[in-house]
Amino acid sequence: MHKLISELTRLYLFEEQQHYLEADGGAQPLTPAVLARHLAGEQTVAVQLVTDSGVTRALVLEFGGKGGGEAHWSALCAIANAVQHELDLPAPAVSISGTAFQLWLSLATPVPVAQARQFVQLLRSTFLPASTDILAVAPPAYVEQVALPPALQPSGKWAAFIHPSMGAAFVDEPGLDMPPPPAAQLGFLEGLRSINPAQFAQALAKLQGHAGLADAVPASAPVAAPLPAPVSQSVTQPGLLLQDATLEDIVRWLHARNIEPTFRHRLP
């Protein structure tokens, strides 16, 4: 559990992170002991992603609500692929919250929350056509607080990080019936990198250029349509999001990393 806490802290948290206790809403320090109880399902807390000074280093986009699970997963793939292939940013993490899919972007250096909100808003308007924009949570609520995966939800389902190839297995029910193994959660996070300040600035400039908010942007930044899911490449390729990975592909990928799969695959 210590290694998992270290990875979550490296990617998404601050030195003096705060959390909200569900009982009374009061802010308390998110100590390693509190986080360990949260990850073990003993006390679920909502982590505050914005500091008192108004900065954040975790951008969380949620895909759920209206529409079907397949549409939510397709929208997440469109954004995640654009983040990597159009904006040249590191691969984001993917999670299931119990009710929706989530995409996690990690920033090496905190940015003002207003800038973070603009970044997510521009991601949405640039890479998701208005007719298919089904992000469940619109700014500014998306950055305020979240139950950090893995977490036991009030519904009894578990939120968890998943490998990007697993999304199709959860389109009907984006949650787990049992707690995910900490080793598997660690395996999904330890290879991720944070977005450095220069990468973030360049990506934001591209997005602003697409929206007509900047005078000059790099010429090699075309507006991307939602990307189709690649089906002929191995799920072991870094940063790859697959919408149609087979159960055998997923199990093979997990076994190669000494992870025993525990997710449920619903047969048609």
Side-chain angles (χ1 to χ4, degrees), residues 4-22 25-32 34-35 38-39 44-64 76 79-80 82-84 87-97 100-128 135-151 159 161 185 188-189 192-208 211 213-214:
L4 179 56
I5 290 174
S6 295
E7 283 302 298
L8 291 169
T9 302
R10 176 181 70 85
L11 291 168
Y12 307 117
L13 303 180
F14 294 93
E15 289 290 333
E16 301 296 330
Q17 192 72 29
Q18 297 288 308
H19 76 276
Y20 281 115
L21 291 175
E22 292 184 332
Q28 301 291 334
L30 186 65
T31 64
V34 171
L35 188 52
H38 167 84
L39 298 177
T44 301
V45 297
V47 176
Q48 188 176 0
L49 299 180
V50 181
T51 67
D52 291 340
S53 59
V55 298
T56 184
R57 62 178 301 248
L59 309 183
V60 183
L61 290 72
E62 188 165 273
F63 302 78
L76 181 146
I79 293 291
V83 163
Q84 296 171 81
L87 300 179
D88 298 320
L89 298 177
V94 178
S95 72
I96 48 176
S97 71
F101 294 105
Q102 292 176 329
L103 196 66
W104 295 71
L105 282 72
S106 167
L107 303 179
T109 301
V111 300
V113 66
Q115 193 175 57
R117 291 170 183 165
Q118 183 192 44
F119 186 88
V120 171
Q121 191 90 351
L122 290 173
L123 268 180
R124 210 165 75 166
S125 61
T126 302
F127 299 111
L128 283 184
L135 283 179
V137 181
Y142 82 99
V143 292
E144 299 299 335
Q145 59 185 39
V146 67
L148 191 67
F161 289 104
Q185 295 295 281
F188 297 143
L189 297 177
L192 298 179
R193 295 180 294 112
S194 297
I195 301 169
N196 66 44
Q199 290 173 319
F200 182 79
Q202 182 179 40
L204 182 59
K206 288 182 180 180
L207 292 171
Q208 290 172 333
L213 301 178

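One is the number of the first residue; the rest follow in order along the sequence. Heavy atoms only: backbone and side chains are in, while hydrogens, waters and symmetry mates are out. All figures in this text were calculated on a predicted structure; none of them were measured in a lab.
- With contacts defined as side-chain heavy-atom distances shorter than 4.5 Å, the pair Leu204/Gln115 qualifies.
- In terms of heavy atoms, Val83 sits closest to Pro90 at CG1-O, 4.1 Å.
- In this structure, the separation between CD on Gln199 and OG1 on Thr109 is 11.0 Å, given to the nearest 0.5 Å.
- In this view, Ser6 satisfies the side chain to side chain donor-acceptor pair (under 3.5 Å) rule with no residue, not counting sequence neighbours.
- Residues Ser97 and Glu62 come closest through the heavy atom pair OG-OE1, 4.1 Å.
- Put simply, the side chain of Leu105 reaches to within 4.5 Å of the side chain of Leu61, judged on heavy atoms.
- Heavy-atom minimum distance, Ala93 versus Leu192: CB-CD1, 3.5 Å.
- Qualifying side-chain contact (heavy atoms from CB on, under 4.5 Å) partners for Ala203, counting only residues two or more places apart in sequence or in other chains: Leu87, Leu89, Phe119.
- For the atom pair Phe101 CZ and Ile79 CD1, the distance stands at 15.0 Å (nearest 0.5 Å).
- Asp88 is linked by a side-chain contact (heavy atoms from CB on, under 4.5 Å) to Lys206, counting only residues two or more places apart in sequence or in another chain.
- Across all non-hydrogen atoms, the minimal contact from Thr51 to Ser53 is OG1-OG, 2.8 Å.
- In terms of heavy atoms, Leu11 sits closest to Ser106 at O-OG, 2.5 Å.
- Expressed to the nearest 0.5 Å, how far CZ of Arg117 lies from CG of Leu122 amounts to 14.0 Å.
- Partners of Phe14 according to the ring-ring contact (aromatic ring centres under 6.0 Å, His included) rule, which considers only residues two or more places apart in sequence or in another chain, do not exist here.
- Counting heavy atoms from C-beta on, the side chains of Leu4 and Leu189 come closer than 4.5 Å.
- Looking only at side-chain heavy atoms (C-beta outward), Leu8 and Phe161 come within less than 4.5 Å of each other.
- Note: Leu49 CG to Thr56 OG1 = 5.5 Å, rounded to the nearest 0.5 Å.
- With sequence neighbours left out, Arg193 forms a side chain to side chain donor-acceptor pair (under 3.5 Å) with no residue at all.
- Applying the side chain to side chain donor-acceptor pair (under 3.5 Å) test to Ser95 and every residue at least two apart in sequence or in another chain returns Gln102, Trp104.
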(request) Check the pair Val113, Val55 against side-chain contact (heavy atoms from CB on, under 4.5 Å), reporting the backbone distance first and the verdict last. (result) CA-CA 5 Å; Val113 66; Val55 298; over 6 Å; no
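- Listed here is the closest heavy atom pair of Ser194 and Leu107: CB-C, 3.9 Å.
- If you check the side chains of Gln118 and Gln208, you find a donor sitting under 3.5 Å from an acceptor.
- Between Leu30 atom CG and Leu148 atom CG the span is 8.0 Å, to the nearest 0.5 Å.
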